[in-house]
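Take a look at the structure below.
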Protein chains: 2
Amino acid sequence: MTLSAAERLTSTAARLFQEKGLSRVGINEIIREADVARMSLYNNFQSKEDLAMAAYAAMSQARREAINAATAAAKGPKEAILAIFDLAERLAQAPSFTGCSFINLAAHLGDDDERLTDLVRRHKLGIRLQFEDLVRALGAPDPVMLGRQLLALWDGAIADSFIENDTAPIRAARDAAAKLVEA
Amino acid sequence: MTLSAAERLTSTAARLFQEKGLSRVGINEIIREADVARMSLYNNFQSKEDLAMAAYAAMSQARREAINAATAAAKGPKEAILAIFDLAERLAQAPSFTGCSFINLAAHLGDDDERLTDLVRRHKLGIRLQFEDLVRALGAPDPVMLGRQLLALWDGAIADSFIENDTAPIRAARDAAAKLVEA
DNA sequence: TGCAAAGTATACATGTCGGTCTACCTAGAT
DNA sequence: ATCTAGGTAGACCGACATGTATACTTTGCA
């Protein structure tokens, strides 16, 4: 049971977009790496943007599931929140780590790329609500604000970790998250 | 006294790079907007990368100075830190706000763009040290870590504010910064 | 066996990119 | 008056981008 052309395209595009950013990956590179004919791309997707939608949607789902797995293994909401930051630290140790693919994607889009912009927004909203649910389970007085604060720490730490090429920002953010959650 | 071609190029490029991102702005657009001949660009700069270095260096200095102005007007270190987040909120209200130009720049670079990558790293280090100096003046027990935490909040809040098109993430981050600084 | 769906291979159209070349034109200082 | 530094105008180049057209091959199934 080999993978179909569409499946190979989506996963290959996801990997390349993650590593290099949307506008630094061309059609030619994608089909070469996916070992697929040029026309197979355009028979399965209407355009590069369509392929990008599929690739980033898959990335978004994978990230959500990784967070769910990390929280499910934790013994309580507070431990779950810390586990999410531990997940970030693990991701940042990968040699091909380039920060948050969705923040990076937003940096490549223009006013006309409404569908991809919306995908980024929905992705971040989803992560934020995951934090919000956890702090609500803890009985935090303002779960919406605390959810926003944890998301900012997460996003900022991942961006800084990429720029510094060091996981120290993520460990610091984890510590800040613990303090905010305890208060 | 009209501006020289080099000055017009640098400021125009800075504005366009900020608004659209490095790889979405072409030479042709820059020289058109700067009202400068094509050859004037290459007489003053060796390449687009050189112009980008000048433009982003100017942006970095401007941002550092804006932060210094905000902290100088504050009556103490804690107020200075909060003033930096108020500055972020003000910046995010501009119609052309697109998040942090340096995080965005990093998202456009490849392994070969060493000079611009270094510029991003130095810029973030500078901001981090500004936070670090302020918390050290407050007598914080671990100023390096707290400086990293404030930077993560700042960067994450600015990114999220751009994605959500709302300043709520910045106000939440300001509140988190206050709590961390007090503890 | 035969047919339809999926995939392949490749040439091509069209546009934009960063960058170079040549020739010309000032404005100001000596 | 002339020379020079800085600026201008526009044709041009090679490389690469997304996307299309056409004709051929494979594969699974009825």
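Just so we're on the same page: letters track the sequence lines, and every chain starts at 1.
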Margin query: Tell me the interatomic distance from Asp50(B), atom CG, to dG18(C), atom P, rounded to whole angstroms.
Written below: 14 Å
Check: Nearest-Å distance, CZ (Arg24(B)) to P (dT16(C))?
Finding: 14 Å
Item checked: Residues Arg115(B), Glu49(B): salt bridge by 4.0 Å N-O rule -> yes
Check: With respect to the side chain of Ser47(A), which nucleotide from dT10(C), dT8(D), dG19(D) is positioned closest?
Finding: dG19(D)
Note to self: In this structure, how many angstroms lie between the C1' atom of dG19(D) and the OH atom of Tyr42(A), rounded?
What the structure shows: 5 Å
Item checked: Whole-Å gap separating C1' (dG6(D)) and CG (Leu3(B)) -> 15 Å
Notebook entry, point to check: To the nearest Å, how far apart are Phe45(B) CZ and dT20(C) P?
Noted result: 15 Å
Notebook entry, point to check: Is it the case that more than 12 heavy atoms not belonging to Gln93(A) sit under 6.0 Å from its CD atom?
Noted result: yes
Notebook entry, point to check: Rounded to whole angstroms, how far apart are CG on Leu22(A) and P on dA17(D)?
Noted result: 13 Å
Next item on the list: Provide, to the nearest angstrom, the distance between the CG atom belonging to Asp35(A) and the P atom belonging to dG7(C).
Entry: 13 Å
Margin query: Any carboxylate oxygen within less than 4.0 angstrom of a Lys/Arg side-chain nitrogen, looking at Asp142(A) and Arg171(B)?
Written below: no
Notebook entry, point to check: Counting side-chain heavy atoms from CB outward, which of dG7(C), dA9(D), dT20(D) is closest to Ser4(A)?
Noted result: dG7(C)
Checklist line | Residue Lys48(A), side-chain heavy atoms: nucleotide from dT8(C), dG18(C), dT18(D) that is nearest | finding: dT18(D)
Next item on the list: Report the nucleotide, chosen from dT8(C), dT18(D), dT20(C), that has the shortest atom-to-atom distance to any side-chain atom of Arg38(A).
Entry: dT18(D)
Next item on the list: Let me know the distance between CD of Glu29(B) and P of dC17(C), rounded to the nearest Å.
Entry: 8 Å
Check: Which of these nucleotides, dG19(D), dT20(D), dG7(C), is closest to any side-chain atom of Ser40(A)?
Finding: dG7(C)
Checklist line | Salt-bridge present (Glu132(B), Arg148(B); N to O < 4.0 Å) | finding: no
Checklist line | Shortest side-chain distance from Ile27(B), nucleotide among dT20(C), dT20(D), dG18(C) | finding: dG18(C)
Next item on the list: Select from Asn28(B) and Asn44(A) the residue whose nearest nucleotide in DNA chain C is closer to the 5' end of that strand.
Entry: Asn44(A)
Check: Do the side chain of Lys20(A) and the main chain of Leu109(B) share a donor and acceptor less than 3.5 angstrom apart?
Finding: no
Next item on the list: Compare the minimum distances between each of dT8(D), dG18(C), dA9(C) and the side chain of Ala37(A), then state the nucleotide with the smallest one.
Entry: dA9(C)
